[in-house]
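Here the structure is laid out as structure tokens; the discussion comes afterwards.
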2 protein chains.
Amino acid sequence: MSISPDAPFGRVIRKLERLVQLGPAERDAIQSLPFKRTDVLPGHYLVREGQVPVDCCILLNGYACRHKTTSSGGRQIVSFHIPGDILDLQHVVLPRADHNVQTISSATVAWVPAAEIKRLALANPVINEALWRDALIDSSIFREWVLNVGRRDAKARIAHMLCEFAARRQAAGLGSTERFELPMSQQQIADATGLTTVHVNRTLFELEREGVISRDKRHVEIANWRLMCQVADFDPAYLHAAV
Amino acid sequence: MSISPDAPFGRVIRKLERLVQLGPAERDAIQSLPFKRTDVLPGHYLVREGQVPVDCCILLNGYACRHKTTSSGGRQIVSFHIPGDILDLQHVVLPRADHNVQTISSATVAWVPAAEIKRLALANPVINEALWRDALIDSSIFREWVLNVGRRDAKARIAHMLCEFAARRQAAGLGSTERFELPMSQQQIADATGLTTVHVNRTLFELEREGVISRDKRHVEIANWRLMCQVADFDPAYLHAAV
DNA sequence: CGTAGGTTTGACTGATCTCAAGTTTGGTGG
DNA sequence: CCACCAAACTTGAGATCAGTCAAACCTACG
């Protein structure tokens with residue numbers, strides 16, 4: 001039977017099921033991974049650049065991001081994460097963290113020993129493939145972000161970020177793209193798009209003035225998804241099976 | 001005994017040996033992969049976005065890049081590749097290409113059936129881990145590129161790109177960081193850094209005027225690597241074991 | 001030696017940043 | 001339930017980095 005969404009790794013399993021077909025053996029194997037559950041506040045660092053983590057962190061609830069900084073203090077968010085995302089699969093095979101992972105809302109995470117994930121991946125070819133896909137889709141998303149910050153103007157850049165967030169959320173069964181609440185501040189949108197807070201603010205108003213989005217507090221409404229995708233130059237192909 | 005550099009996959013094996021310890025079994029397995037060798041001209045497309053490749057492409061000689069475009073025609077190079085790089089490992093598990101792969105010099109490539117690579121990875125845990133590391137280092141490089149185009153100014157951005165290219169070339173045993181020939185045009189540097197050709201040209205002159213680099217045709221000389229790294233805000237940690 | 005692609009230069013424009021000052025919001029304690 | 005505070009958001013004016021357009025100049029190669 002299907003996994004209860006309340007089971008700790010329910011969301012992770014549903015995510016992996018969008019990537020490969022899991023049998024009962026795989027679901028059981030994942031459900032019986034040892035883990036430590038933790039509740040953390042917004043802004044909590046789950047991983048810091050330079051650390052050598054021994055546990056992998058899975059986001060059970062809430063939102064998080066990865067970010068890096070320049071030596072002059074510029075901060076760049078390189079990805080946002082939603083419940084069900086495995087936040088540092090890479091530390092299974094790369095010892096030292098090359099970026100920070102930080103929550104953007106209060107969140108619940110599960111810490112799983114990296115060695116256990118490695119063992120599971122080597123023991124089970126289906127899970128091996130699922131994790132490969134997950135990691136490679138991550139990679140594809142980073143490439144799209146390079147394009148986004150490198151070649152789109154502020155309006156398309158912000159709209160694209162919103163489209164990706166909405167599409168991934170929807171794919172994960174966390175709501176619709178029509179109306180949703182943004183967990184991130186305008187400062188964080190700025191850090192993700194390589195812009196300044198001031199310009200993000202003005203550009204959000206422009207998107208609103210043009211009728212592409214409407215806002216109320218941190219709630220965003222995208223009445224015309226087709227139009228939004230056009231303004232954002234958003235084509236979900238780069239998200240692969242994840243959407 | 002060690003692999004002759006002339007053996008078709010010699011460079012790939014040496015690259016993977018920087019990531020994990022390969023035994024004779026692994027080296028043999030790689031050397032006996034079936035492949036088709038091809039010589040191609042500069043600007044040749046190896047993979048096009050939207051395609052469903054059945055073979056994986058390994059760069060034996062020459063230079064290549066991956067790139068994506070916006071609907072308005074903007075082009076963004078998302079990575080450069082040097083001999084020994086596996087150019088589309090991702091098509092082993094993700095069917096549809098989300099970006100283009102194109103040579104930037106004349107090149108020799110080997111086409112290996114994706115199914116063979118998958119079989120080998122599932123059969124051999126050491127190779128499995130090596131490919132994992134390779135893919136995750138790729139991912140780390142993309143993250144650094146997001147930071148580079150998102151938060152560094154033109155001078156640091158171009159200098160960083162040059163540092164990465166020089167460092168990876170050197171790590172692969174293809175020459176020193178002190179003096180090397182750039183295979184890419186200023187147009188391609190512009191497409192990789194999210195700038196325009198005109199501005200790349202002026203910025204290269206500025207780097208030269210400040211004594212950070214010197215140039216002659218497409219040869220670049222970095223007399224003071226420490227200074228260059230400082231200007232570029234370059235810290236090779238993100239390249240992991242690859243350097 | 002002719003041609004195409006790559007590089008260099010100049011003058012002008014404009015998107016985005018900076019700085020600086022409000023204003024609103026959401027949470028906290030009285 | 002209200003007062004207060006810090007953080008987030010908003011707005012304006014002026015500055016700047018990088019873009020645009022256009023032309024000239026190399027230089028590799030057929």
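In the text below, chain A, chain B and the rest are named by the order of the sequence lines, each starting its count at 1.
- Distances shorter than 4.0 Å separate none of the side-chain N or O atoms of A/R151 from OP1 or OP2 on D/dA18.
- If you measure from atom CG of B/L195 to atom P of C/dG14, you get 20 Å, rounded to the nearest angstrom.
- Between A/R202 and C/dT18, a side-chain N or O to OP1/OP2 separation shorter than 4.0 Å is absent.
- Atoms CD (A/Q188) and C1' (D/dA7) sit 12 Å apart, rounded to a whole Å.
- Remark: the A/R66 side chain and the A/S79 side chain contain an N/O donor-acceptor pair separated by less than 3.5 Å.
- For C/dT8, one of the phosphate oxygens OP1 or OP2 lies less than 4.0 angstrom from a side-chain nitrogen or oxygen of B/Q186.
- Looking at the side chain of A/T196, the nearest of the listed nucleotides D/dT27, C/dT16, C/dC17 is C/dC17.
- Note: CG (A/L41) to P (C/dG27) measures 13 Å, nearest angstrom.
- Summarising the geometry, the separation between CE on B/M184 and P on C/dG6 is reported as 14 Å, rounded to the nearest angstrom.
- For B/N201 and C/dT7, the shortest distance from a side-chain N or O to OP1 or OP2 is not below 4.0 Å.
- For A/R218 and D/dC9, the shortest distance from a side-chain N or O to OP1 or OP2 is below 4.0 Å.
- The shortest distance between side-chain heavy atoms of B/L89 and B/D134 falls below 4.5 Å.
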